[in-house]
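It should be emphasised that the depicted structure is a prediction, and the values quoted were computed from it without experimental measurement.
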Amino acid sequence: MSSVSPDKRRKMESALDQLKKYTVVVADTGDFNAIEEYKPQDATTNPSLILAAAKMPAYQHLLDQAIKYGIAKDGSEEVQVTNTMDKLFVSFGLEILKKIPGRVSTEVDARLSYDKDEMVARALRLIALYEEAGIGKERILIKLSSTWEGIQAGRELEEKHGVHCNMTLLFSFAQAVACAEAKVTLISPFVGRILDWHKENTDRKSYEPHEDPGVVSVTKIYNYYKKYGYSTVVMGASFRNIGEVKALAGCDLLTISPSLLGELTQDHAVVKPALTLQNAKACDVEKVHLDEKDFRWQHNEDRMAVEKLSDGIRKFAADAIKLETMIKEKMLNVKNGQ
C-alpha cells in the first residue's frame, strides 16, 4: 500500500470529497454535464434552472419531444402548453436520473403556490409521467413552495399517495416547524438568499461563515429537527460561497451549484462536521406546535422570510412564463410545419 500519512492524504483530499463523508451532496442544476462531472448523489431542478438548460442547443431535442407530446395530447392551447411543461420537467428529470444513483427533485408550478388541491393534482400528474417512463415514485421528490397551502399539499401527498416532497423557498423557522409537523420527506431552507436580504436591508455587508444569517437559520432548524426526532430531513440550499457550504457540513443534505462544486474540488482545507446530532440534542430550543393561525402570524413576524418567500414565488413564476412563451412559439412553428 502507499506510504502516504493520513494527514497528507487528508491534505490531498478536496473539500468536496471530505464534505461527502458527512453530508449527502446534491447538484443544483439542470445541466447534465455538470452532474456527470461532480457525481452527486441526488439532483434538484427548478423552473429557472430548466429555463436556462432549455435554451442550450444540447437540450433542444428534449424541448422538441415535449412539444410533440403536448400537441398529441390535444385540448386547448393552454392545456397543450401545460402538458408540454410537465413533460419537459419530467424529461429533464429522466435524463438526470440516468446519471445519479439517488433522487431528482421536480418542481410544481410556482403559480399554484396558494392552491393546495391544484398542487396535489399537478404533483400526481408529474409522478404519473415518471411512472409511464418506468421510474417509480421512490426516486422522485416533488418540490412545493413552503406556503401554508404548499405544506398541506405536501402532507396530503405524503400521507395519502406515498409521494415524497421537497419543500422549497423556506426562510422562516415557522415554515420549518410546519413542514416537520406535516411529516414531509425533506425541506430546502435557503442560505444565500437570507444573506442577500441582510446585506440589502442592514448596514452589515460581510459575515464570517459561522455567523452568516443563512447558516445560523439552517443550523437552528437542523438542531430543532434532530433534538425532537422529526423524520423530515434538512437540505441546505442556495449558497453564495463555499464558506457557507463548509459551515453546514454534517447537514443531512446540501444542494450546491456546479460553480461552487467546482470551487470545492479545488479547495484542500480540512472540512469538519459543523452540525452534529450531539450538538443538536444539547441545544436549547423549545418545542412548538403551529396551527394555521400561529403559522401565519409567526411567519409574518419574520420580515425577511415574508419578502423572500413572495419574491421567490414571483421569480419562479416569471421563469415559468418565459418557458411557456418559448414553448408557444415553438409549438406554433411545429403546427405551421416549419
Side-chain angles (χ1 to χ4, degrees), residues 20 23-54 56 58-59 61-63 65-66 69 84-110 119-120 122-146 150 153-154 157-158 161-170 184-190 232-239 251-258 260-261 316 319-320 323:
K20 285 179 176 178
T23 292
V24 173
V25 171
V26 180
D28 198 7
T29 180
D31 181 0
F32 315 141
N33 298 330
I35 290 168
E36 276 186 346
E37 189 175 346
Y38 300 111
K39 307 204 169 3
Q41 169 79 21
D42 294 356
T44 56
T45 62
N46 63 45
S48 309
L49 295 172
I50 300 271
L51 175 67
M56 296 180 193
Y59 305 136
H61 64 290
L62 293 180
L63 190 54
Q65 283 166 3
Y69 171 88
T84 300
M85 290 267 280
D86 286 348
K87 182 68 170 175
L88 185 65
F89 276 50
V90 169
S91 298
F92 270 96
L94 292 168
E95 290 297 320
I96 288 168
L97 286 169
K98 292 176 188 169
K99 298 182 177 8
I100 57 169
R103 299 183 291 201
V104 71
S105 289
T106 297
E107 190 145 343
V108 165
D109 196 320
M119 279 185 272
V120 170
R122 197 75 177 260
L124 293 176
R125 203 153 74 226
L126 291 169
I127 292 291
L129 283 169
Y130 274 113
E131 286 180 338
E132 273 173 37
I135 297 289
K137 58 188 173 190
E138 67 284 349
R139 291 199 70 195
I140 312 301
L141 285 166
I142 292 292
K143 270 175 105 171
L144 301 161
S145 303
S146 300
L157 285 162
E158 298 268 5
H161 304 283
V163 168
H164 301 303
C165 296
N166 167 356
M167 304 308 301
T168 189
L169 295 176
L170 193 147
V184 297
T185 298
L186 179 148
I187 61 165
S188 295
F190 280 36
T232 304
V233 293
V234 180
M235 177 166 78
S238 122
F239 292 101
C251 194
D252 299 309
L253 308 95
L254 296 172
T255 182
I256 307 167
S257 68
L260 293 181
L261 288 171
F316 281 160
D319 282 340
L323 194 53

Q: Quick check: does any side chain N or O of D252 sit under 3.5 Å from a backbone N or O of M235, one acting as donor and the other as acceptor?
A: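 Here the side-chain-to-backbone pair does not exist.
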Q: For T23 and V25, indicate whether the former's side chain and the latter's backbone hold a donor-acceptor pair under 3.5 Å.
A: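 Not confirmed, T23 side chain does not pair with V25 backbone.
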Q: What's the spacing between E95 CD and D31 CG if we round to 0.5 Å?
A: 12.0 Å
Q: Can you give me the closest heavy-atom contact between T44 and T255, atom names plus distance?
A: OG1-OG1, 3.0 Å
Q: How long is the straight-line distance from CD1 of I187 back to OG of S146, given to the nearest 0.5 Å?
A: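 S146 atom OG to I187 atom CD1 measures 7.5 Å (nearest 0.5 Å).
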Q: Is a donor on one side and an acceptor on the other found under 3.5 Å between the side chain of E36 and the backbone of K99?
A: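 No: the side chain of E36 does not pair with the backbone of K99.
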Q: Carefully, step by step, assess N46 and K143 under the rule side chain to side chain contact (heavy atoms under 4.5 Å, CB included).
A: CA-CA 8 Å; N46 63 45; K143 270 175 105 171; 3.9 Å; yes
Q: Side chains of Q65 and S91 only: does a donor on one sit below 3.5 Å from an acceptor on the other?
A: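 No, because no side-chain N or O of Q65 sits under 3.5 Å from a partner of the opposite role on S91.
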Q: If every non-hydrogen atom of S145 is compared with every non-hydrogen atom of L169, which pair is closest and at what distance?
A: OG-CD1, 4.0 Å
Q: Going by atom types only, do S188 and T168 share a side-chain donor-acceptor pair under 3.5 Å?
A: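 Side chains of S188 and T168: no pair found under 3.5 Å.
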Q: With side chains defined as the heavy atoms from C-beta onward, is the minimum distance between L126 and V90 less than 4.5 Å?
A: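 Yes, side chains in contact.
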Q: Using atom types as modelled and distance alone, determine if a side-chain donor or acceptor of R139 lies under 3.5 Å from a backbone N or O of L97.
A: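 Yes, the answer is positive, given that a donor and an acceptor are paired below the 3.5 Å cut-off.
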Q: Measure the spacing between CG of D42 and CG of N166 and express it to the nearest 0.5 Å.
A: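 Separation between the atoms: 10.0 Å.
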Q: Rounded to the nearest 0.5 Å, what separates atom CD in Q41 from atom CZ in R103?
A: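 Answer rounded to 0.5 Å: 8.5 Å.
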Q: Which residues pass the ring pair (Phe, Tyr, Trp, His ring centres under 6.0 Å) test with Y59, not counting sequence neighbours?
A: F32, F92
Q: Run the side chain to side chain donor-acceptor pair (under 3.5 Å) check on T185 and E158 step by step: do they pass?
A: CA-CA 8 Å; T185 298; E158 298 268 5; 2.8 Å; yes
Q: Less than 4.5 Å apart, any side-chain heavy atom of E37 and any of P258?
A: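 Side-chain contact under 4.5 Å: no.
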Q: Enumerate, atom names and distances included, each donor-acceptor pair closer than 3.5 Å involving a side-chain atom of residues 129-137, sequence neighbours excluded.
A:
residue	atom	partner	partner atom	Å
Y130	OH	T106	OG1	2.6
K137	NZ	H161	O	2.8

Q: Would you indicate whether the side-chain heavy atoms of D28 and I256 approach each other to under 4.5 Å?
A: no
Q: If you look at every heavy atom in M85 and A320, which pair is closest and at what distance?
A: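 In terms of heavy atoms, the two residues are closest at CE-O, 3.6 Å.
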Q: Quick one: does T29's side chain have a donor or acceptor within less than 3.5 Å of a partner on T45's backbone?
A: no
Q: Can you find a pair of side-chain heavy atoms, one from C165 and one from L186, that are under 4.5 Å apart?
A: no
Q: List the steps and the verdict of side chain to side chain contact (heavy atoms under 4.5 Å, CB included) for S48 and F316.
A: CA-CA 6 Å; S48 309; F316 281 160; 3.4 Å; yes
Q: Of all the heavy-atom pairs spanning I100 and V104, show the shortest one and how long it is.
A: CD1-N, 4.4 Å
Q: Of all the heavy-atom pairs spanning L157 and A123, show the shortest one and how long it is.
A: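 Heavy-atom minimum between the residues: CD1-CB, 3.6 Å.
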Q: Under the rule for ring pair (Phe, Tyr, Trp, His ring centres under 6.0 Å), what residues qualify as partners of F89, not counting sequence neighbours?
A: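 Checked F89 against ring pair (Phe, Tyr, Trp, His ring centres under 6.0 Å); zero matches.
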Q: For a quick test of reading the model, state the closest non-hydrogen atom pair linking G150 to L144 and the distance between them.
A: O-CD1, 3.7 Å
Q: Does the side chain of R122 reach to within under 4.5 Å of the side chain of D86, using non-hydrogen atoms?
A: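 R122 reaches D86 side chain to side chain.
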